[in-house]
Amino acid sequence: MQLIDTFGRKINYLRLSVTDRCNMRCCYCMPESGVEKLGHEAILSYEELFLVAQSAVSLGIEKIRVTGGEPLVRKGIIEFLGRLAQIPGLKQLVLTTNGLQLQELAASLKQVGVQRLNISLDSLRPEVFAKITRRDELGGVLAGIEAAERQDLPIKINMVVMRGINDEEIIDFAGITREKNCSVRFIEYMPVIKDVNWQDLVVPGTEILERIAKHFDYTPVVKGELSGPAREYRIAGARGTIGVITALSGHFCQDCNRLRITASGKVKNCLFADNEFDLSPLLASGDPDAIRTALRALVEKKPAMHGLTESTAGHQAFTMARIGG
Ligand code: SAM
């Protein structure tokens with residue numbers, strides 16, 4: 001079974017958000033005033049989340065990323081991940097996290113079958129880290145990364161690059177890959193919350209690569225199956241790789257293979273589409289055929305591309321914590 005949309009794209013990747021709650025308050029993700037939290041009754045139960053994951057895999061989804069909010073703050077997450085890992089036909093189970101709880105949880109994540117971690121880390125300087133995340137927790141995240149490394153969990157480090165905030169650290173982040181066998185990905189800042197003058201924050205992928213080229217020689221890397229949208233490179237002699245994700249300056253919509261489900265059961269067939277489909281009544285009814293029919297219909301309606309550029313953002317502002325990135 002395969003999910004193919006009307007533009008011939010094979011949809012095989014589900015991003016499943018398990019909570020809108022987060023123990024950080026990243027400035028690019030949510031406004032300083034915070035966001036209204038969903039009540040517990042609005043959040044899908046693990047049974048419902050499992051049902052949607054199972055239905056999606058039966059339709060041809062091969063990779064699931066569990067995300068949030070911060071997925072590791074939800075009680076029972078390890079057991080849930082263990083159940084997901086057992087779904088026949090699922091080839092990759094990966095997790096996006098801010099890394100704060102990895103010191104306690106890395107061993108369990110490995111044990112239940114999580115295959116890779118994407119860890120958000122936007123600065124190596126404590127004061128900049130605290131300014132971006134509104135939490136003074138750099139040490140905890142670095143210790144979490146080390147804990148994951150001790151478990152031999154493959155790691156991607158995601159840095160959202162923002163001009164005037166952390167762009168001076170691009171070279172330091174690229175340099176990490178010389179010592180560590182990890183992937184560091186530079187993510188173009190996206191105006192999800194649409195703060196004033198957001199255009200000033202965007203550092204286009206081409207500029208990021210030009211700046212790295214002034215310090216290091218690098219060559220393109222051939223990507224593997226089910227790898228993400230990053231263009232990837234290896235600095236000469238480096239153990240790890242660097243990547244650039246250019247959602248604005250060089251969108252990759254033509255290769256988009258994603259479907260997103262929020263923690264309250266809203267399906268988004270494009271990150272920047274304003275319309276969402278509420279799957280929760282079908283999940284509550286527990287009818288896998290109805291869920292599959294709905295997912296197929298949503299894939300058919302997947303738009304050709306988002307409307308975001310380096311200067312225009314036509315979507316309604318949202319917080320990424322609700323959707324999961
Ligand atoms: N709490 C987890 C974490 O920190 O990775 C998972 C959720 S977070 C919303 C998922 C990803 O979205 C992170 O890698 C984050 O950097 C990215 N993200 C959120 N807002 C963004 C923005 N405005 N531009 C680019 N990436 C963004």
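One-based numbering, in listed order, for ligands and for the atoms of each.
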E70-T19 side chain donor-acceptor pair, cut-off 3.5 Å: no
Hydrophobic cluster of I43, others only, ordered by chain and residue number, side-chain cut-off 4.5 Å: L38
Modelled atom types, side-chain donor and acceptor of E137 and N23, under 3.5 Å: no
Do any nitrogen or oxygen atoms of ligand 1 lie under 3.5 Å from a protein nitrogen or oxygen, and which ones?
from     : atom 1 : to   : atom 2 : distance (Å)
ligand 1 : 1 (N)  : G69  : O      : 2.9
ligand 1 : 1 (N)  : E70  : OE1    : 3.0
ligand 1 : 4 (O)  : S120 : OG     : 3.2
ligand 1 : 5 (O)  : T97  : O      : 3.4
ligand 1 : 5 (O)  : S120 : OG     : 2.5
ligand 1 : 14 (O) : S120 : OG     : 3.0
ligand 1 : 16 (O) : Y28  : OH     : 3.4
ligand 1 : 23 (N) : Y28  : O      : 3.0
ligand 1 : 23 (N) : M190 : O      : 2.7
ligand 1 : 24 (N) : M190 : N      : 2.9

Could you tabulate the donor-acceptor pairs under 3.5 Å formed by side-chain atoms of residues 270-283, not counting sequence neighbours?
from : atom 1 : to   : atom 2 : distance (Å)
D274 : OD1    : Q316 : N      : 2.9
E276 : OE2    : R322 : NH2    : 2.5
D278 : OD1    : S280 : N      : 3.0
D278 : OD1    : S280 : OG     : 2.6
D278 : OD2    : S280 : OG     : 3.3

NZ/K266: more than 12 non-hydrogen atoms of other groups inside 6.0 Å: yes
Could you tabulate the donor-acceptor pairs under 3.5 Å formed by side-chain atoms of residues 113-125, not counting sequence neighbours?
from : atom 1 : to   : atom 2 : distance (Å)
Q115 : OE1    : L93  : N      : 2.6
Q115 : NE2    : K91  : O      : 3.1
D122 : OD1    : V160 : N      : 2.9
D122 : OD2    : Y28  : OH     : 2.6
S123 : OG     : R125 : N      : 3.0
S123 : OG     : R125 : O      : 3.3
S123 : OG     : E169 : OE1    : 3.2
S123 : OG     : E169 : OE2    : 2.6

